[in-house]
Amino acid sequence: MKLLDWFDKARKESFAIGAFNIDSLEIFKAVIMAAVHRKSPVIVEFSPGEVGYFGIKNIVDMVKNAREEFEIPIFLNLDHGKPKNAVVEAVDLGGFDEVHFDGSDLDFSTNARQAKEIVDSAHKREIVVEGEINKIGGSSEVHLEEIDLELLKKSYTKPEEAQKFVEETGVDILAPAIGNVHGTFPVDPDLDIDLLAKISDAVGEKFLSLHGGSGIPIVQVKDAIRRGKIVKVNVNTELRATYKDALEEKLAEHPDEYKIYDLMPDVVEAVAAVVENKIEVFGSNDKV
Ligand code: G3H
C-alpha cells in the first residue's frame with residue numbers, strides 16, 4: 001500500500017500515522033523498533049537541519065535498508081522543506097514518499113504557486129505533497145518561556161483559505177494551525193477542534209496533518225483524530241528530550257566508558273518507549 005492508501009485507511013478507521021523526526025541514528029533505530037514491536041506503519045521524517053546533519057543520500061539509503069530488513073511500511077518524508085529548490089532536490093533524488101513544502105513564510109499566492117509547481121513534478125513520481133499556509137510557531141525544543149496564546153490565535157488557519165489553497169495547488173495533505181506549536185511549553189496547547197473540524201470539511205477529500213505533536217494532551221490528540229480527521233501526527237521534541245536525558249544519564253553512570261555505542265541500547269529503548277506510547281495514542285498499532 002502506498003502512503004495515500006494508508007492515509008485513506010487511517011481516515012476511514014479513525015487513526016493517525018506517527019511522523020517521527022530523526023535527528024540521530026539512535027532515534028531512527030528507536031522509531032523503527034517501536035513500529036515493528038507495535039505492528040504499526042510509520043513515517044520517518046527529516047527537517048532541513050536533520051537533512052543537513054545526515055546528508056540527503058544517506059537518509060534515502062538508511063530508509064531503504066530498514067524497509068528491506070523489517071516487514072512494516074516505513075515511509076520517508078521531507079519535513080518543513082524549504083526553499084522550493086530543496087524540495088525539488090528531494091523529489092528529483094527519489095526515495096521519498098512525501099515532501100512537505102513549508103511555504104508559510106511566503107505570501108499566499110507565492111506559496112500556492114510554488115506548491116503547485118512542486119505538486120506537478122512530485123505527482124509524476126507518485127510522491128505525496130503536504131502544504132502549509134499559516135506558520136506553526138515555536139521550535140522543536142523544551143521551552144521554559146510562556147507562549148502568547150492570543151498572538152497565536154491570530155495565525156489560525158481559516159477554512160476558506162484552506163479550501164482555496166488545496167484547490168489551487170492540488171496538495172494531498174495540509175498542515176493547519178489550530179493552536180498547535182512546535183516544542184513543549186510550560187502551559188500545554190489548547191487545540192481548537194471545532195475549527196479543525198471545519199477545515200476538514202472545507203478541504204473535502206484532502207488529508208490533514210497535525211504538527212507540534214509533543215506536549216499536546218492525549219485527549220486532544222484523540223479528538224483531533226476522531227473529529228478533525230487528522231491522519232498524520234508529527235512528533236519531534238519529546239524524542240529529542242528523551243534521547244538527551246537518557247544519554248546524559250548513561251554518561252554520568254559510566255564516566256570511564258569510551259565505547260559510547262555500548263551505552264546506546266538503553267538510550268534507544270528509552271526513546272522507543274515514547275514512540276510506542278504515541279503509536280498507542282494515535283491508534284496505529286496492530287494495523288500491519
Ligand atoms: O514537523 C515537526 C513536528 O511538528 C514536531 O513538533 O517538536 O512539537 O513534536 P514537536
Side-chain angles (χ1 to χ4, degrees), residues 3 16-24 27-28 30-31 34 42-54 59 75-82 86-87 90 96-105 128-147 149 152 155-157 171 173-191 196 207-218 220-221 224-225 228 230-245 271-279 281-282:
L3 182 57
I17 301 171
F20 299 99
N21 282 84
I22 307 297
D23 78 358
S24 68
I27 292 181
F28 182 72
V31 168
V42 73
I43 299 170
V44 289
E45 62 181 18
F46 295 78
S47 63
E50 291 155 351
V51 171
Y53 174 63
F54 279 93
I59 288 169
F75 298 106
L76 174 58
N77 178 33
L78 177 71
D79 183 39
H80 290 284
K82 63 181 161 188
V87 182
F96 281 81
D97 300 282
E98 183 189 316
V99 289
H100 165 205
F101 170 54
D102 182 354
S104 63
D105 288 328
V128 172
V129 181
E130 178 169 337
E132 180 173 334
I133 316 169
N134 305 96
K135 195 173 191 58
I136 296 157
S139 55
S140 289
E141 291 160 279
V142 176
H143 295 264
L144 300 176
E145 76 278 13
E146 297 291 336
I147 192 146
L149 294 175
L152 196 65
S155 62
Y156 281 11
T157 300
V171 295
I173 178 163
L174 184 75
I178 50 153
N180 43 331
V181 277
H182 294 119
T184 56
F185 289 82
V187 174
D188 288 339
D190 184 18
L191 303 188
L196 180 62
F207 297 101
L208 293 176
S209 144
L210 180 64
H211 279 251
S214 298
I216 302 177
I218 291 174
Q220 287 190 33
V221 176
I225 295 169
I230 288 288
V231 296
K232 166 174 167 280
V233 183
N234 289 30
V235 182
N236 193 350
T237 307
E238 288 186 43
L239 310 187
R240 287 180 169 177
T242 306
Y243 171 84
K244 184 169 179 281
D245 291 348
V271 178
V274 175
V275 177
E276 286 203 37
N277 182 264
K278 293 292 174 194
I279 286 173
V281 170
F282 304 159

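Order of appearance sets the numbers: ligands from 1, and atoms from 1 within every ligand. All heavy atoms count here, side chains included; hydrogens, waters and symmetry mates do not. Not measured: the values here are computed from a predicted model.
The nearest protein atom to atom 1 (O) of ligand 1, hydrogens excluded, is given as D79 OD2, 2.8 Å; this is a heavy-atom distance. Regarding atom 3 (C) of ligand 1, its nearest protein heavy-atom neighbour is N234 CB, 3.3 Å. For atom 4 (O) of ligand 1, the closest non-hydrogen atom on the protein side is G212 N, 2.7 Å. Considering only non-hydrogen protein atoms, atom 9 (O) of ligand 1 sits nearest to S214 OG, 2.5 Å.
Of the N and O atoms on the side chains of N236 and E50, at least one donor lies less than 3.5 Å from an acceptor on the other residue. N134 and T157 share a donor-acceptor pair across their side chains, judged by distance under 3.5 Å alone. Checked by atom type, the side-chain pair D79/N21 shows a donor-acceptor distance below 3.5 Å. Between H211 and N180, the side chains place no donor N or O within less than 3.5 Å of an acceptor N or O (distance only, hydrogens not considered).
In the vicinity of G183, heavy-atom distances shorter than 4.0 Å reach the ligand 1 atoms 7 (O), 8 (O), 10 (P). Close approach of ligand 1 to E45 (heavy-atom distance below 4.0 Å) involves ligand atoms 1 (O), 2 (C). Short contacts between ligand 1 and S140, defined as distances under 4.0 Å to a heavy atom of the residue, involve ligand atoms 5 (C), 6 (O), 7 (O), 10 (P).
Only backbone heavy atoms of V181 (N, CA, C or O) come within less than 4.0 Å of ligand 1; its side chain stays farther off.
No N or O atom of E238 sits closer than 3.5 Å to an N or O atom of ligand 1.
The environment of NZ in K244 is sparse: at most 12 heavy-atom neighbours from other residues, nucleotides or ligands sit within 6.0 Å.
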